[in-house]
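Data first, discussion second: the structure below is written as structure tokens.
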Amino acid sequence: MEKWSAATIRDFRKTLLAWYDDEGRDLPWRHGRNPYHTWISEVMLQQTQVNTVIPYYQNFLATFPTVTDLANAEEPTLLKAWQGLGYYSRARNLQRAARQLVDDYHGEWPRTAAELEDLVGIGPYTASAIASIAFDQVVPAVDGNAFRVFARLLMIDDDIAKPKTRQLFTEIIQPIVDPQRPGAFNQAIMDLGSSYMTAKNPDPGHSPVKEFDASYRAGRVLDFPVKTKAPRPKSMPYYGLVIHSPAGYLMVQRGAQEMLTGYWSFPLVLQADLHTENPDATLADDVAEITRRWASDYQIPLDLAVVGGQPVSHTYTHQRWHVKLLTADLPTVPSLEFLPGKWVPAAEIAALPLPKVQEKMMARFAKQQDLPLFE
DNA sequence: CATACGTGGTA
DNA sequence: TTACCAAGTAT
């Protein structure tokens, strides 16, 4: 691993910031220095690419212009504004933190990374990003870009998948951050990481800091950073129930203890929950069991038919869902006294906050039934 | 510390 | 299709 002298550090800052001033990206959240704007952009950018974020950022600020607007927002409005961005707890945590700011901080922003971390949804990276960009605190914002850039520049071979490694990088980068322009320094590293120093197709030979790049000199750019691979997603067979009555389609809201919390979908039944004692159950067995349960648990009689085609598949970071659609068309409207759902006319479904898998189920159902889409 | 948590893009 | 990547955090 490389060590830089004080002179090298000064030289690096100068080279990096000159490039950033000349070639840094003009992004919507880089206009002005509003901590609310920085905060929203940083949370949206967690595990999400810039091009995806831009339209969401514009719409979000138009919908919730201030911390107070966000604190007072209706949850469905909030979830709808976040629909499609993923990692939906970010949206709910954003509102919780907005309420912390209003209630506990009386709208006065904490200005240091250590204090910002007390806000829910703000971890070490986001706290440092806000503190440096909005309040000029001299701290490194250690995200995936910083890991990748400095792992290569200094040939650091610690595994960045290990939580402990963050501390090492923070200590290494801290003395390199430009004390005059910490926010610009951190954003310059991000721009470097998403241009000349990408994970898969880097162009280190044209990087503005190639003279400082030990991995490039060694011809080993792609050996850094070191990162252990994630396990493959677990396969999860589901049944998706498309239940229609004269009042519309039956929709249920995802609960606080499950993923996609607060979003709406057709009722989903995990195949593994049906026959814990019979791993050899057939499709007919599963349909019979679902019918039995809906009659006894919800007092709703179903005459289920199998919807043709391959199961709807949807992959998450840790799960791969395969959803077989079943449908029932009821002649009258059953009471939902025993089931936490609601009947929604086809044309009104799209107004609900919906996860991607629900959009896929609707598209598949419409196609198989030769229906117009749910709009 | 390891795992849960979404979606879209690329090879 | 599979695998992996993209400005991480909470538990």
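Quick note on labels: first sequence line is chain A, next is B, and so on, each numbered from 1. On a predicted model such as this, the values are computed, not experimentally measured, just so you know.
Across all strands shown, A:M190 has heavy atoms under 4.0 Å from base atoms, whether or not it also approaches the sugar-phosphate. Looking at heavy-atom distances under 4.0 Å, A:R148 makes contact with sugar-phosphate atoms alone, never a base. Using a 4.0 Å heavy-atom cutoff across all strands shown, A:W29 reaches at least one base atom of the nucleic acid. Residue contacts for A:I122: at a heavy-atom cut-off of 4.0 Å it reaches the sugar-phosphate backbone alone, with no base atom in range. In this structure, A:P231 reaches neither bases nor backbone, as no heavy-atom distance under 4.0 Å exists between it and the strands shown. Residue-level contact check: A:Q187 touches neither bases nor backbone, having no heavy atom under 4.0 Å from any strand. Across all strands, A:L94 comes closer than 4.0 Å to no nucleic acid atom at all (heavy-atom distances). Within 4.0 Å (heavy atoms only), A:R30 reaches at least one base atom of the nucleic acid. Within 4.0 Å of A:R25, counting heavy atoms only, lies at least one base atom of the nucleic acid. Residue A:A199 is in sugar-phosphate contact alone, with no base atom involved, counting any heavy-atom pair closer than 4.0 Å across all strands shown. A:T315 comes within 4.0 angstrom of a base, heavy atoms only. When heavy atoms are screened at a 4.0 angstrom cut-off, A:T48 is found touching base atoms of the nucleic acid.
Dashed line: the shortest gap from a side-chain N or O of A:Q47 to OP1 or OP2 of C:dG8 is under 4.0 Å. OP1 or OP2 of B:dT7 sits under 4.0 Å from a side-chain N or O of A:Y88. Proximity of A:H318 to the phosphate of B:dA4: no side-chain N or O atom is located under 4.0 Å from OP1 or OP2.
Rounded to the nearest Å, the gap between the C1' atom of C:dA10 and that of B:dG8 is 24 Å. Separating the C1' atom of B:dG6 from that of C:dC5 is a span of 14 Å, rounded to the nearest Å. For the C1' atoms, the distance linking C:dT9 with B:dG9 amounts to 23 Å, nearest Å. For the P atoms, the distance from B:dT3 to C:dC4 is 16 Å, rounded to whole Å. Taking the P atom of each, B:dC5 and C:dA6 are spaced 23 Å apart, rounded to whole Å.
Atom C1' of nucleotide B:dG6 and atom CD of A:E258 are separated by 15 Å, given to the nearest angstrom. What separates CZ of A:R92 from C1' of B:dC5 is a distance of 10 Å, to the nearest Å. At whole-Å resolution of the value, CH2 in A:W82 and C1' in B:dT7 are 13 Å apart. Between the CD atom of A:Q319 and the C1' atom of C:dT2 there is a distance of 18 Å, rounded to whole Å.
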What's the verdict on side-chain hydrogen bond (donor to acceptor under 3.5 Å, both in side chains) for A:E115 and A:T112, showing C-alpha distance, side-chain angles and the deciding distance? CA-CA 5 Å; A:E115 296 171 299; A:T112 67; 2.8 Å; yes
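Classification of A:E2 and A:R152 as a salt-bridged pair fails, no side-chain N sitting under 4.0 Å from a carboxylate O. With salt bridges taken as basic N to acidic carboxylate O contacts below 4.0 Å, one links A:D136 and A:R33. Ionic pairing of A:R30 and A:D191 is present here: one or more N-O contacts between side-chain nitrogen and carboxylate oxygen are shorter than 4.0 angstrom.
Distance from the side chain of A:M259 is smallest to B:dG6 among B:dG6, C:dC4, B:dC1. Residue A:D143 has its side chain nearest to C:dA7 when only B:dA4, C:dA7, C:dA10 are considered. Of the listed nucleotides (C:dA7, C:dC4, B:dG6), C:dC4 has the atom at the smallest distance from the side chain of A:K229. The side chain of A:R232 lies closest to C:dA3 when the candidates are B:dC5, C:dA3, B:dG6. Out of C:dC5, B:dG6, C:dT2, the shortest distance to the side chain of A:R320 is found at C:dT2. Closest to the A:Q49 side chain, of the nucleotides C:dA6, C:dT9, C:dA7, is C:dA6. Candidate nucleotides C:dA7, C:dG8, C:dC5 were compared by shortest atom distance to the side chain of A:Y87, and C:dG8 ranks first. With C:dA7, B:dA11, B:dA2 as the candidates, the nucleotide lying closest to the side chain of A:V50 is C:dA7. Comparing B:dC5, C:dT9, C:dA6 by their closest approach to the side chain of A:Q46 singles out C:dT9. Distances were taken from every side-chain heavy atom of A:P163 (C-beta onward) to each of C:dA3, B:dG6, B:dC1; the shortest belongs to B:dC1.
A donor-acceptor pair shorter than 3.5 Å can be found between the side chains of A:N145 and A:R148. Side chain to side chain, A:Q95 and A:E74 fail the donor-acceptor criterion of an N or O pair below 3.5 Å.
Of the residues near DNA chain B, A:T165 and A:P355, the one whose nearest nucleotide (by heavy atom distance) lies more toward the 5' end is A:T165. Along DNA chain C, the nucleotide nearest A:S313 and the nucleotide nearest A:G121 are compared for position; the residue whose nucleotide lies closer to the 5' end is A:S313. Across the interface with DNA chain B, nearest-nucleotide mapping of A:T261 and A:N201 shows A:T261 to be the residue nearer the 5′ end.
Proximity of the aromatic rings of A:Y298 and A:F338 is defined here by a centroid distance below 6.0 angstrom, and this criterion is not met.
Side chain A:T52 to base B:dG8: no donor-acceptor pair is found below 3.5 Å. Not a single donor-acceptor contact under 3.5 angstrom links the side-chain atoms of A:R96 to the base of C:dA10.
For the pair A:K342 and A:W264, the cation sits on the ring face: its NZ or CZ lies under 6.0 Å from the ring centre, inside 45° of the axis.
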